[in-house]
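First comes the structure, then the notes that go with it.
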Amino acid sequence: MSKDIAVIGGGAAGMMAAIAAAEQGARVCLLEPNQRLGKKLNITGKGRCNVTNNCSMEELMAHIPRNGRFLYSAFSHFGSGETMAFFEGLGVPLKTERGNRVFPVSDCAFDVSGALKRRLERLGVRWVHDRAVSVLTADGAVQAVAGEKGEYPCRAAVLATGGVSYPGTGSTGDGYRIAGELGHTIVAPHGSLVPLVSDDTCCGIMQGLALKNVQLTAVNEKKKTVFSEFGEMLFTHFGVSGPLVLSASAHLRDWDKHTYSLSIDLKPALSEEKLEERLLRELREQSNRNMENVLLSLVPTSMVPVLCTRLHIDPELKANSFKKEQRRALLQELKHFTLSVSGPRPVAEAIVTSGGVKVGEVNPGTMESKLITGLYFAGEILDVDAYTGGFNLQIAWSTGRAAGLAAAEEEGER
């Protein structure tokens with residue numbers, strides 16, 4: 001019987017799993033159909049690669065909205081500190097930016113994937129350009145991986161095929177099918193960290209407008225706040241996108257059961273009292289000018305016609321004719337610019353996939369299947385996902401490390 005370990009998927013989690021196993025002396029075969037390893041990794045962080053988040057264990061856990069407790073063991077053994085040390089040990093200097101986001105000093109994701117590839121080569125990991133079709137078992141244990149080009153005998157297999165977001169990078173959902181065929185429950189995948197759709201016509205009018213330094217709040221049908229954060233967002237032809245919206249989307253779940261709306265505070269640095277003082281000053285100083293000119297001193301150009309429509313005023317209305325109740329309505333629009341949202345964009349446009357292999361069927365300490373001996377999972381294929389800021393890549397590194405080490409140790413025991 002072969003003593004090989006097969007790792008299915010050459011993304012962040014798969015490469016980390018292969019390295020961890022090979023470092024323990026295992027013979028590792030890495031199956032990846034793409035011509036380049038880490039294809040999705042290379043586009044993360046807008047090509048800069050947000051490697052991890054330089055934060056405490058508690059903060060890591062707080063940024064995992066789904067099944068965070070399952071990751072406690074993996075994070076305990078290989079958290080953000082260990083990840084940073086690992087990459088700097090591979091010759092990739094790192095820096096910490098706003099929000100504790102960690103990037104390579106070079107701002108180049110290819111430096112991260114390149115360092116992993118060189119480590120794989122030094123460890124003698126065999127990279128095969130093949131797409132896995134199934135994992136073969138006998139008596140409830142892994143025996144081999146069947147690919148489109150051949151069969152790869154092994155005593156352990158790590159499924160690290162990713163989710164279904166960004167299918168062009170190879171995340172086609174193959175892993176869900178393979179795991180399902182082996183008896184695992186697959187929680188229906190959907191997009192997380194994904195743009196949101198709105199039927200409000202103002203989005204099309206303001207298409208391309210990027211708002212900076214605003215406060216975005218999301219509430220459900222019971223007016224309960226489910227997300228509120230300060231940052232940047234973008235209006236698009238279909239609705240809204242940008243960092244704040246992507247983060248909010250991770251909190252907006254079960255769209256079949258809930259409805260959500262967004263509220264934008266365009267002037268978060270000013271209290272309503274201070275903002276009213278400013279409005280009075282602007283109206284007084286520009287008393288003979290049109291309201292569209294007054295509004296231009298308060299909001300971006302493309303938002304002016306939208307506010308005029310919402311306030312039911314003529315853009316050419318003179319500021320000295322702007323009534324008290326209209327001023328109060330303007331104040332509310334500036335502090336609570338509301339948008340209805342009808343749902344997320346397709347999962348193919350999501351940064352990460354929520355859903356996947358049910359974590360109750362996986363050992364949290366080793367990432368080994370509780371159903372099939374020698375079958376391990378790592379990364380986005382698992383039903384865990386996080387907010388933006390390097391947390392999803394940390395999940396990949398931690399679970400990949402745990403799976404690779406456990407697979408090598410299990411192989412050694414056998």
Side chain to side chain contact (heavy atoms under 4.5 Å, CB included) for Leu266 and Met303? Distances and angles first, verdict last. CA-CA 11 Å; Leu266 297 163; Met303 189 170 270; 3.7 Å; yes

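- The residue from Val357, Val142, Thr137, Leu371 that alone fulfils the side-chain contact (heavy atoms from CB on, under 4.5 Å) condition with Leu182 is Thr137.
- Between the CG atom of Leu311 and the CZ atom of Arg327 there is a distance of 13.0 Å, given to the nearest 0.5 Å.
- Looking only at side-chain heavy atoms (C-beta outward), Trp397 and Phe86 stay at 4.5 Å or farther from each other.
- Judged by distance alone, the side chain of His129 and the main-chain N or O of Asn34 form a donor-acceptor pair under 3.5 Å.
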Verify side chain to side chain contact (heavy atoms under 4.5 Å, CB included) between Lys40 and Glu380, making sure each step is shown before the conclusion. CA-CA 12 Å; Lys40 186 176 179 182; Glu380 204 174 344; 2.9 Å; yes

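- Cys29 is listed as a side-chain neighbour of Val128, based on a closest heavy-atom distance under 4.5 Å.
- Atoms SG and CZ, on Cys154 and Arg27 in that order, are 12.0 Å from each other to the nearest 0.5 Å.
- Expressed to the nearest 0.5 Å, how far CG of Leu307 lies from CD1 of Ile313 amounts to 8.0 Å.
- Formation of a donor-acceptor pair under 3.5 Å by the Asp130 side chain with backbone atoms of Glu148 is found in this model.
- At distances below 3.5 Å, not a single donor-acceptor pair connects side-chain atoms of Ser249 with backbone N or O atoms of Pro195.
- Counting non-hydrogen atoms of neighbouring residues, nucleotides and ligands closer than 6.0 angstrom, the NZ atom of Lys370 exceeds 12 such neighbours.
- The minimum heavy-atom distance linking Ser369 with Ile372 is given by the pair OG-N, 2.9 Å.
- Remark: the backbone N or O of Val187 is not paired with any side-chain donor or acceptor of Lys358 at under 3.5 angstrom.
- Using a 4.5 Å heavy-atom threshold, the side chains of Cys55 and Leu60 count as touching.
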Between Lys335 and Glu276, does a side chain to side chain contact (heavy atoms under 4.5 Å, CB included) hold up when you go through it step by step? CA-CA 11 Å; Lys335 295 296 286 184; Glu276 184 163 27; over 6 Å; no

Applying side-chain hydrogen bond (donor to acceptor under 3.5 Å, both in side chains), run through Ser340 and Asp199 and close with a yes or a no. CA-CA 7 Å; Ser340 61; Asp199 56 7; 3.2 Å; yes

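- To the nearest 0.5 Å, the span separating CD1 on Ile205 from CZ on Phe235 amounts to 11.0 Å.
- In terms of the ring-ring contact (aromatic ring centres under 6.0 Å, His included) criterion, residue partners of Phe227 (sequence neighbours excluded) are, by chain and number, His251.
- Between Glu272 and Gln332, some side-chain heavy-atom pair lies under the 4.5 Å cut-off.
- Counting only heavy atoms from C-beta outward, the side chains of Met367 and Phe70 approach each other to under 4.5 Å.
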Start with the C-alpha distance between Glu282 and Arg278, add both sets of side-chain angles, then the distance that settles salt bridge (charged side-chain N to carboxylate O under 4.0 Å, His left out), and finish with yes or no. CA-CA 6 Å; Glu282 295 286 353; Arg278 180 178 173 186; 3.6 Å; yes

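- For the pair Gln24 (side chain) and Ala26 (backbone), a donor-acceptor distance under 3.5 Å is absent.
- Taking all atoms of both residues into account, the shortest heavy-atom contact from Pro300 to Leu209 is CB-CD1, 3.6 Å.
- A donor-acceptor distance shorter than 3.5 angstrom exists from the side chain of Asn50 to the backbone of Thr52, with no hydrogens or angles considered.
- Side-chain contact between Leu234 and Val245: absent, with no pair of heavy atoms (C-beta onward) separated by less than 4.5 Å.
- A donor and an acceptor atom, one from each side chain of Ser106 and Asp111, are located under 3.5 Å apart.
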For the pair Glu333 and Arg310, evaluate salt bridge (charged side-chain N to carboxylate O under 4.0 Å, His left out) and give the outcome as yes or no after the intermediate values. CA-CA 8 Å; Glu333 288 292 338; Arg310 289 192 172 202; 3.3 Å; yes

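- More than 12 non-hydrogen atoms from other residues, nucleotides or ligands lie less than 6.0 angstrom from CZ of Arg122.
- The shortest non-hydrogen separation linking Ala218 to Leu252 is CB-CD2, 3.9 Å.
- A salt bridge links Glu23 with Arg401: at least one charged nitrogen is closer than 4.0 Å to a carboxylate oxygen.
- Using a distance-only test at 3.5 Å, with no hydrogens or angles considered, no donor-acceptor pair links the side chain of Asn290 to the main chain of Glu292.
- Side-chain N or O atoms of Ser287 include none that pairs as donor or acceptor with a backbone N or O of Leu283 at under 3.5 Å.
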Yes or no on side-chain hydrogen bond (donor to acceptor under 3.5 Å, both in side chains) for Thr96 and Asn54, after CA distance, side-chain angles and deciding distance? CA-CA 7 Å; Thr96 300; Asn54 189 3; 3.3 Å; yes

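- The number of heavy-atom neighbours closer than 6.0 Å to CZ of Arg126, taken from other residues, nucleotides and ligands shown, is 12 or below.
- Scanning both residues, Ala386 and Ile64, for their nearest heavy atoms gives CB-CD1, 3.5 Å.
- With no hydrogens or angles considered, a side-chain donor-acceptor pair links Ser354 and Arg253 at under 3.5 Å.
- A donor-acceptor distance shorter than 3.5 angstrom exists from the side chain of Asn53 to the backbone of Gly99, with no hydrogens or angles considered.
- Nearest approach of His77 to Glu82, heavy atoms of both residues: O-CG, 4.1 Å.
- Results of the salt bridge (charged side-chain N to carboxylate O under 4.0 Å, His left out) test with Glu121 over Arg119, Arg118, Lys117 single out Lys117 as the only residue that passes.
- For the residue pair Ser263 and Thr217, no side-chain donor N or O sits within less than 3.5 Å of a side-chain acceptor on the partner.
- Note: Met16 CE to Ile19 CD1 = 6.0 Å, rounded to the nearest 0.5 Å.
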Checking Gln394 against Ser80 for the side-chain hydrogen bond (donor to acceptor under 3.5 Å, both in side chains) test, could you report, in this order, the C-alpha distance in whole Å, the side-chain angles of both residues, the deciding distance, and whether it holds? CA-CA 7 Å; Gln394 185 57 54; Ser80 57; 5.3 Å; no

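- Closest approach of Thr399 to Gly379, counting heavy atoms only: OG1-N, 2.9 Å.
- Under a 4.0 Å N-O distance rule, the pair Glu181/Arg177 qualifies as a salt bridge.
- The cationic group of Arg36 does not satisfy the cation-pi geometry with Phe110, failing either the under 6.0 Å distance to the six-membered ring centre or the 45° limit from the ring axis.
- Taken from CH2 in Trp127 to CG in Leu31, the straight-line distance is 11.5 Å, to the nearest 0.5 Å.
- With contacts defined as side-chain heavy-atom distances shorter than 4.5 Å, the pair Phe87/Leu116 qualifies.
- Checking side-chain atoms of Glu221 against main-chain N and O of His258 turns up no donor-acceptor pair under 3.5 Å.
- Proximity of Tyr152 to Asp4: side-chain heavy atoms (C-beta onward) are nowhere separated by under 4.5 Å.
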Determine, stepwise, if the pair Leu393 / Cys49 fulfils side chain to side chain contact (heavy atoms under 4.5 Å, CB included). CA-CA 9 Å; Leu393 267 182; Cys49 190; 4.0 Å; yes

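- Heavy-atom contacts from other residues, nucleotides or ligands closer than 6.0 Å to CZ of Phe322 number more than 12.
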